[in-house]
Peer 1: 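Sharing a structure below in structure tokens format, with a few things to ask.
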Amino acid sequence: MAKPPLRIGIIGYNFMGKAHSNGWRQTAKFFDVEREPVLQVACGRNEAAVQAFADNWGWQHVETDWRKVVERDDIDVIDISLPQALHSEVAIAAAENGKHVFCEKPMALTLEQGRAMLAAAEKAGVKHYVNHNYRRVPAIRLAKRLIDEGKIGRIFHWRGAYQQDWIVDPNFPLTWHLRKETAGSGPHGDLNSHSVDLAHYLVGDITSVSCMTTNFITERPLPGEGAATFSAGEPSGPQEMGAVTVEDASLMHVTFANGAIGSFEATRFATGRKNHHVIEIYGGEGSLAFDLERMNELQYFSRNDPEEAQGFRTILATEPCHDYISNWWPPGHMIGYEHEFVHAMTDFIHAIATNGDIDPNFADGVKVMAVLEAGLKSAEDNGRRLPVEV
Ligand code: SOE
């Protein structure tokens, strides 16, 4: 029997537009979702580009004005695959028009915007989700399970280090990620938002922060024709320079409500590190470690193993006993980055169909924004420890 359709309107067609389109296309093929996603409308300002995107992924209609998409009555879900500067306006309008909202991270430019998004979504009674996709890596789900089962005992330490290197070249241009008005902040918001979300998920609420940020390169060439997130584009004529107005790196120390302490590193200047997101959690009974560049593996140490056999073991989280995995390939077959998005779409559809919850929702997103914003304020105040106020 045909499943009831769930009509999606996606706004944005670049990196996240592709990852999300793939997610919507795959979910019903691999998971027994209650509703069938219909790729109804794709929206972007450049008509030719959005049409090419729609043709490639199978979106049925195109629009160039996001306001028209949120107002259409043939849409159930607004998928915000846009840079964060546009999230709050689109999300609030979508909620006011009764649409469920699937929103890319970081949630917004500011905590205030995040709070307004949450209020609008709650008022409208729609489902809301912030796509911190790493919560849906099977190895991370396994970490959560081991923690919840008490396998590592009381948690003492969290370490999150998210390191990339794509702006080490001083000639890399001043793209939107490097300007405060379009990005809000640098790797502190872009990368630490993932890390802070995972810390909340795995360890608990963060209560205070102390942070420092720095800039290694303060001026960059203005972007040329065709510049995108990870590519410089072609310089057109003599290179004009512009000021970098977000931090290049951030180091933050935190306390957790449960007494643990933690550290966060976020940088785009860790030469050789491409998408190196390392987390380590140390508890009274054992420890866990994860590296996104080896995303199918979880490292686990147990103090309860026989003394002569103690040591970190590598668990390959690709066996059917791990979350989401039984819907993919036979045991031992790897999954990748794009699968996290399929998992998120699957859970989002389930939340809509059952009127249930999905995490991280906008309330979780606000908590992340509160930590990040307190971090930036602390950095402006010489690293003074500040409480996190949600
Ligand atoms: C760029 O730094 C980026 O694409 C982030 O924006 C993503 O959220 C992260 O998952 C990978 O790196």
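In this chain, residues are counted from 1 in sequence order. When a ligand or atom number is given, it counts from 1 through the structure's own listing order.
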Peer 1: Quick one: does E104 get within less than 4.0 Å of ligand 1, heavy atoms only?
Peer 2: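 The answer is no, since E104 has no heavy atom less than 4.0 Å from ligand 1.
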Peer 1: Determine, for D165 against R268, whether the closest basic-nitrogen to carboxylate-oxygen distance falls under 4.0 angstrom.
Peer 2: no
Peer 1: Using distance alone, determine whether H177 and ligand 1 share an N or O pair under 3.5 Å.
Peer 2: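 No; the residue has no nitrogen or oxygen that sits under 3.5 Å from a nitrogen or oxygen of the ligand.
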Peer 1: Run the numbers for me: atoms of ligand 1, each under 4.0 Å from some heavy atom of L191, listed by number.
Peer 2: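 Within the 4.0 Å cut-off of L191, ligand 1 contributes 2 (O).
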Peer 1: Angle class for the H132/H194 ring planes (parallel below 30°, perpendicular above 60°, tilted otherwise)?
Peer 2: perpendicular
Peer 1: If the plane angle is over 60° it's perpendicular, under 30° parallel, otherwise tilted; pick one for F53 and W59.
Peer 2: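 Geometry flag for W59 against F53: parallel rings.
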Peer 1: When you measure from atom 9 (C) of ligand 1 to each heavy atom in Y337, W166, Y162, which option holds the nearest one?
Peer 2: Y162
Peer 1: Which label fits H343 and F31: parallel for a plane angle under 30°, tilted from 30 to 60°, or perpendicular past 60°?
Peer 2: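 Perpendicular, since the angle between the ring planes exceeds 60°.
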Peer 1: Ignoring hydrogens, just give me the one of H277, H132, Q164 whose non-hydrogen atom is nearest atom 12 (O) of ligand 1.
Peer 2: Q164
Peer 1: Measure K105 to ligand 1 on non-hydrogen atoms and call it side chain, backbone, both or neither using the 4.0 Å cut-off.
Peer 2: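 The answer is the side chain of K105.
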Peer 1: Give the ring-plane orientation class for F341 versus H20, where under 30° counts as parallel, over 60° as perpendicular and anything between as tilted.
Peer 2: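 Rings of F341 and H20: tilted, as their planes differ by 30° to 60°.
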Peer 1: Under 4.0 Å between a side-chain nitrogen and a carboxylate oxygen: does that hold for R145 and E149?
Peer 2: yes
Peer 1: Hey, which atoms in ligand 1 end up nearer than 4.0 Å to a heavy atom of F15?
Peer 2: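 That gives atoms 4 (O) of ligand 1.
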Peer 1: Taking the inter-plane angle between the rings of H339 and W328 on a 0 to 90° scale, is it parallel (under 30°), tilted (30 to 60°) or perpendicular (over 60°)?
Peer 2: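 Correct class here is perpendicular.
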Peer 1: With heavy atoms under 4.0 Å as the rule, classify the contact between N133 and ligand 1 as side chain, backbone, both or neither.
Peer 2: neither
Peer 1: Which ligand 1 atoms, with their elements, are less than 4.0 angstrom from a heavy-atom of Y134?
Peer 2: 9 (C), 10 (O), 11 (C)
